[in-house]
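Below is one structure, written out as structure tokens, with a few remarks after it.
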2 protein chains.
Amino acid sequence: MTISARIHYATLALTELAIRHPGRTPVAVREITGRHGIPGPFLVQILRTLRSAGWVESIRGSQGGYRLSVEPADLTLLEIADVVGCPESNCFGEATETPANQMLQETWEAANEASRQVLSRTTLAEIAARATHGEQVMFYI
Amino acid sequence: MTISARIHYATLALTELAIRHPGRTPVAVREITGRHGIPGPFLVQILRTLRSAGWVESIRGSQGGYRLSVEPADLTLLEIADVVGCPESNCFGEATETPANQMLQETWEAANEASRQVLSRTTLAEIAARATHGEQVMFYI
DNA sequence: TAGATACTTGATCCATTTAGTCAAGTATTG
DNA sequence: CAATACTTGACTAAATGGATCAAGTATCTA
């Protein structure tokens, strides 16, 4: 579970959309890239992935933008990382199946699973809630 | 904590040396690459790193090879991964310090720490012991 | 209906990392 | 002296991650 910039950006963007979720107003890409330091066209690429995952929907034309199409509480950081990140190919050492090899594979797997557990316990809603706390916007909702 | 082939190979090699540790006989590179499916010159490169970490010593000349210079029980998988793996640069998002950004950084860090915990709880000695069990060599020592 | 806004798509590029190789050299043993 | 085996440094090749561009399409507003 390496957290790439892609995963980080994706989560930031989703957080932004989650904060603006209640109103259901589309948020333009430029608004997201402006607030966080995300390179423009790169975010577009990431949003494409998020859309094909069914988590955001896009509205074209003027006044268009992106909008969350799932409940923030239903989306965990693990799911985001799995969809946006790379396929995770933890399968070396197929060649020789020595006991040492197998034992190690299991340990690597256990370590990986531990970090996945952590990510699966945090939802987008929690991130958004705590993020808005910091910005003192909580009280205006 | 991505487990690269480099880390996997390094641990396999150290395990091999740990098994042969009691006798203190040097083990040639070829013996290690033979038993596990490790590409020859690549392992040499890895062993160089292990030597500069002070974990193995090399004996030149005929009958030479590599030998463990630490106790297997004192070496954890985490230490191996840290020395052999890449430097781990988890520092994106320095640009904007939004609350969302900070929260995420903490969560990524927590996930990473969880997997490090797992790796820190397994020692080379345990791997070696269980590996020899499988090979039924335990009884001949 | 024109024009501005904003998403869509596909191709492309660059830098870094990872994996793996080669060759010339040095030390040790028998 | 010859065989064995480590030493060193440079080098290549493929994959991945990060990022950009340009031409196109849809929508709203004046």
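Quick note on labels: first sequence line is chain A, next is B, and so on, each numbered from 1. All figures in this text were calculated on a predicted structure; none of them were measured in a lab.
Residue A/Pro39 is classed as a sugar-phosphate contact, given heavy-atom separations below 4.0 Å to backbone atoms only. Backbone-only engagement by A/Gly65 is indicated by non-hydrogen atom pairs under 4.0 Å involving sugar-phosphate atoms exclusively. In this structure, B/Leu47 reaches neither bases nor backbone, as no heavy-atom distance under 4.0 Å exists between it and the strands shown.
Computed from coordinates, the B/Ile46 CD1 to D/dC6 C1' distance equals 16 Å when rounded to whole Å. In this structure, B/Gln63 atom CD and C/dA27 atom C1' are separated by 14 Å, rounded to whole Å. Here C/dC7 presents its P atom at 13 Å from CZ of A/Arg48, a figure rounded to the nearest Å. Computed from coordinates, the B/Arg60 CZ to D/dA3 P distance equals 19 Å when rounded to whole Å. A/Arg6 has its CZ atom 12 Å from the P atom of D/dT16, to the nearest Å. Spacing between atom CD of B/Glu57 and atom C1' of C/dA27 amounts to 16 Å, rounded to whole angstrom units. Rounded to whole angstrom, the span from the CD1 atom of B/Ile7 across to the P atom of C/dT18 amounts to 9 Å. Following rounding to the nearest Å, A/Leu43 (CG) and D/dG17 (P) show an atom-to-atom distance of 18 Å.
Side-chain proximity of A/Ser62 to the nucleotides D/dT4, C/dT5, D/dT20 is greatest for C/dT5. Side-chain proximity of B/Arg30 to the nucleotides C/dA11, C/dT8, D/dA5 is greatest for D/dA5. Across C/dT21, C/dT8, D/dC28, the shortest atom-to-atom separation from the side chain of A/Tyr66 is found for C/dT8.
Grouping the Ile, Leu, Val, Met, Phe, Trp and Tyr side chains by contacts below 4.5 angstrom, directly or via other members, places A/Val118 apart from A/Ile7.
Residue B/Arg67 has no polar side-chain atom (N or O) positioned under 4.0 Å from OP1 or OP2 of D/dA5. At D/dG17, none of the side-chain N or O atoms of A/Tyr9 fall inside 4.0 Å of OP1 or OP2 (strictly under the cut-off). For D/dT8, one of the phosphate oxygens OP1 or OP2 lies less than 4.0 angstrom from a side-chain nitrogen or oxygen of B/Arg51. At D/dT7, one or more side-chain N or O atoms of B/Ser58 fall inside 4.0 Å of OP1 or OP2 (strictly under the cut-off).
Here the straight-line distance linking atom CD1 of B/Ile32 with atom OH of B/Tyr66 works out to 8.5 Å at 0.5 Å rounding. Taken from CD in B/Glu16 to CG in B/Leu68, the straight-line distance is 11.5 Å, to the nearest 0.5 Å.
In the interface, the side chain of A/Gln45 is not paired with the base of C/dT9 through any donor and acceptor atom under 3.5 Å apart.
Without hydrogens or angle criteria, B/Ser120 side chain to B/Thr76 main chain gives no donor-acceptor distance under 3.5 Å.
Look at B/Glu57 and B/Arg24 and you find a salt bridge, because one of the NZ, NE, NH1 or NH2 atoms lies within 4.0 Å of a carboxylate O, short of that distance.
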